Visitor: 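Encoded as C-alpha cells, here's the structure I'll be asking about.
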Amino acid sequence: MSDGHNKIDATLIPGDGIGPEIVDAVVEILDVLGAPFNWDRQKGGMAGIEDGGDPLPKATLDSIKRTGLALKGPLTTPIGGGFRSVNVRLREEFGLFANVRPVRTMIEGGRYENVDIVLIRENLEGLYVAFEHYIQIDGDPHAVAFSSGINTRSESRKISEFAYKYAVKHKRKKMTIVHKANVLKALTGVFLETALMVAKDYEGVIQTEDRIVDACAMQLVLHPERYDMIVTTNLFGDILSDLMAGLVGGLGMAPGANIGPGAAIFEAVHGSAPDIAGKGIANPLAVLLASALMLDHVEHTETAEKLRTAIDLVLKQDKIRTPDLGGSATTKDFLFTHFSQLLFRGTYREHSI
Ligand code: NAI
Ligand code: MG
C-alpha cells in the first residue's frame, strides 16, 4: 500500500537486546539511500511485555495486517517456560510458510572463498508445531517428555514449489532436498516424496539431489561450494542455516525472509544477543542484508543492489569490521563513518546524525 508519494507502508519492529541499536541505524541508512518505506514503528517481544504485558500486541498485528510488510529485529524468547515464541506466532498468524536464508562469502581470506547458498526452510510445520507434553512418574513431573511433529503433503508441496520457482527466478542450477527419511520415515519421508514429485516438473531446468541431514551438515563444512540451493523441513532448516552462517563469518552475516500469502517479514537469522546488547558493537550487516531482501521483494532491485555492492566494498576495501568479524569497529563506526561515506560519497554528511 502506498501514499501519494509512492511510499510503501511497512511495519518496523526494533525488537529486543541488540535489535533497537541495529534496526534504528539501518533505518537511517535506508532513509538516506532513498528506500521507499514509510515506517510504522511497533513493539514486540520483551519490549511489548514491558509496554502492555503482551509480547505480540494487537497494534503490532494490526499494523502488519495493514502493511503486509515488516522489518523486524530479534525478539527474546525465554527458554523452557514463559511465553511461546513470538516469531513462531507471527509465522502462524500470517501463514509465513517460506523462510528464505541466503548466505554468501563476503569476507576474503576466511575459511571459504566461494560460498553462495540459498536455503529454503519450511516455516510452519515439522517439530515446530510444538505439540509437546510430559508424563509424570513417581512424583517427577518431567519423567517422560513427548513431542510430535506434523508434515503435510500440501505444505510440503507448497514449500517445494516455492523453492523451485525461486531457483528459476534467481537463475540457480541445483536443488538439494534435505531430510532424515531413513529414520523419520513418515514425518520427513512425506516431505522427501513430495519434493521429488515437484522436482519432476523442473527436470532439465534445475538439477535435483537429496541428502540425509547429518551427511549434509558434514558436507556443508567440507565442501560448501557443492551446494547451490537447499530445501528442507523446519528444524533442519533452522540448524543448517546457522551452520551456513558460520561458513561465511557468523550470524552477523545472515539475513532471512519469512514469506506467506498474508505478509512478508524480513529479519536477521540471529537473536537478540543479550551478551553484547547495549555495548554498541553488534554487527548490523544481517539486518542490513535483510533490508536488501525487503527491497528486492518490493521490486526496488536497483537500490538493493546498491546496498549489497556497498557492503562488499566496505568489507573488501576498508576492512572495517565489528568485533564478531575480528575487527574493532562499533555499529555506528561501521555504518555511519565507513559504510555511509562509501555509499553516498559524502552526501550523507548533510543528514547528520
Ligand atoms: P543469538 O543469535 O542472540 O546469539 C548467539 C551468539 O551470536 C552470541 O554470542 C551473540 O553475541 C552473537 N551474535 C548474534 N548476533 C550478532 C550480531 N549481530 N553481531 C555480533 N554478534 C552477534 O542467539 P541466542 O543467544 O541463542 O538467543 C538470544 C535470544 O534471541 C533468545 O531469547 C532467543 O530466543 C532469541 N532469538 C530470536 C530470534 C528472532 O527473533 N528471529 C532468532 C534467534 C534467537
Ligand atoms: Mg534459529
Side-chain angles (χ1 to χ4, degrees), residues 11-26 42-49 55-56 60 64 70-92 94 96 99-101 103 106-107 119 121-123 126-128 130 232-246 248-258 265-291 293 311 315 320-335 339:
T11 305
L12 183 71
I13 306 169
D16 299 318
I18 58 171
E21 39 190 290
I22 301 181
V23 171
D24 286 343
V26 165
Q42 295 292 342
K43 294 210 159 72
M46 298 310 278
I49 292 196
L56 188 53
T60 305
I64 302 172
L71 181 63
K72 187 181 84 53
L75 305 176
T76 297
T77 306
I79 292 175
F83 57 83
R84 186 132 185 263
S85 164
V86 174
N87 296 310
V88 174
R89 278 177 62 199
L90 275 173
R91 287 169 199 162
E92 288 172 359
F94 295 102
L96 307 174
N99 194 331
V100 182
R101 295 187 162 186
V103 300
M106 283 181 281
I107 298 174
L119 182 142
R121 162 186 172 190
E122 197 289 317
N123 224 7
L127 286 162
Y128 276 59
T232 190
T233 48
N234 208 340
L235 178 62
F236 298 159
D238 189 17
I239 297 168
L240 290 181
S241 57
D242 272 31
L243 185 154
M244 282 160 43
V248 299
L251 283 173
M253 315 293 281
N258 299 283
I265 301 182
F266 298 83
E267 62 183 348
V269 170
H270 65 70
S272 54
D275 50 337
I276 57 164
K279 293 188 179 158
I281 55 164
N283 184 349
L285 279 172
V287 172
L288 205 54
L289 289 163
S291 74
L293 291 178
I311 291 171
L315 290 173
I320 304 298
R321 289 164 199 176
T322 43
D324 57 306
L325 300 177
S328 59
T330 63
T331 311
K332 288 199 166 168
D333 280 345
F334 180 87
L335 282 178
F339 181 77

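When a ligand or atom number is given, it counts from 1 through the structure's own listing order. Keep in mind that the numbers below use all heavy atoms, side chains included, and drop hydrogens, waters and symmetry copies. Remember, predicted model here, so these are calculated numbers, not experimental data.
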Visitor: Out of Ile276, Asp238, Asn258, who gets a non-hydrogen atom closest to atom 20 (C) of ligand 1?
Guide: Ile276
Visitor: Restricting to N/O/S atoms, is Asp238 within less than 2.8 Å of the Mg ion (ligand 2) or not?
Guide: yes
Visitor: Quick one: look at Asp324 and ligand 1, take heavy-atom pairs under 4.0 Å, and tell me if it's side chain, backbone, both or neither.
Guide: side chain
Visitor: Does NZ or CZ of Arg121 fall inside the cone over Tyr128's six-membered ring, less than 6.0 Å from its centre and within 45° of the axis?
Guide: yes
Visitor: Please work out, at 4.0 Å between heavy atoms, whether the side chain, the backbone, both, or neither of Ala286 comes within that distance of ligand 1.
Guide: neither
Visitor: State the atoms of ligand 1, each with its element, that fall below the 4.0 Å cut-off from a heavy-atom position in Glu267.
Guide: 41 (N)
Visitor: To check you understand the geometry: which heavy-atom pair defines the closest contact between Pro255 and Ala290, and what is its length?
Guide: CB-N, 3.4 Å
Visitor: Less than 4.5 Å apart, side chain to side chain, heavy atoms only: is that true for Leu251 and Asp324?
Guide: no
Visitor: Should one rank Pro274, Ala282, Gly271, Pro323 by closest heavy-atom distance to atom 25 (O) of ligand 1, which comes out on top?
Guide: Pro274
Visitor: Check ligand 1 against Lys72 and write out every atom of the ligand that is under 4.0 Å from a heavy-atom position of the residue.
Guide: 40 (O), 41 (N)
Visitor: With a 4.5 Å cut-off on side-chain heavy atoms, are Ile13 and Leu75 touching?
Guide: yes
Visitor: For Asn87, counting its heavy atoms only, list the atoms of ligand 1 lying under 4.0 Å from any of them.
Guide: 37 (C), 38 (C), 39 (C), 40 (O), 41 (N)
Visitor: Within a strict 4.5 Å, meaning less than it, do heavy atoms of the Pro74 and Glu267 side chains meet?
Guide: no
Visitor: For Ile18, counting its heavy atoms only, list the atoms of ligand 1 lying under 4.0 Å from any of them.
Guide: 15 (N), 16 (C), 17 (C), 18 (N)
Visitor: Please confirm whether Val269 comes under 4.0 Å of ligand 1, counting heavy atoms of the residue only.
Guide: yes
Visitor: For residues Thr232 and Glu122, determine if any side-chain heavy atom of one lies less than 4.5 Å from a side-chain heavy atom of the other.
Guide: no
Visitor: Find out whether Asn258 and Lys72 are in side-chain contact, i.e. whether some heavy atom of one side chain is under 4.5 Å from a heavy atom of the other.
Guide: no
Visitor: Examine the proximity of ligand 1 to Asn283 and report which part, side chain or backbone, both or neither, has a heavy atom under 4.0 Å away.
Guide: both
Visitor: Based purely on interatomic distance, does Thr76 place a nitrogen or oxygen under 3.5 Å from a nitrogen or oxygen of ligand 1?
Guide: no
Visitor: Test your reading of the structure: does Leu75 have an N or O sitting under 3.5 Å from an N or O of ligand 1?
Guide: yes
Visitor: Between Arg89 and Asn87, does any side-chain donor sit less than 3.5 Å from a side-chain acceptor?
Guide: no
Visitor: Checking the side chain of Asp16 only, and the main-chain atoms of Met46 only, is there a donor and an acceptor separated by less than 3.5 Å?
Guide: yes
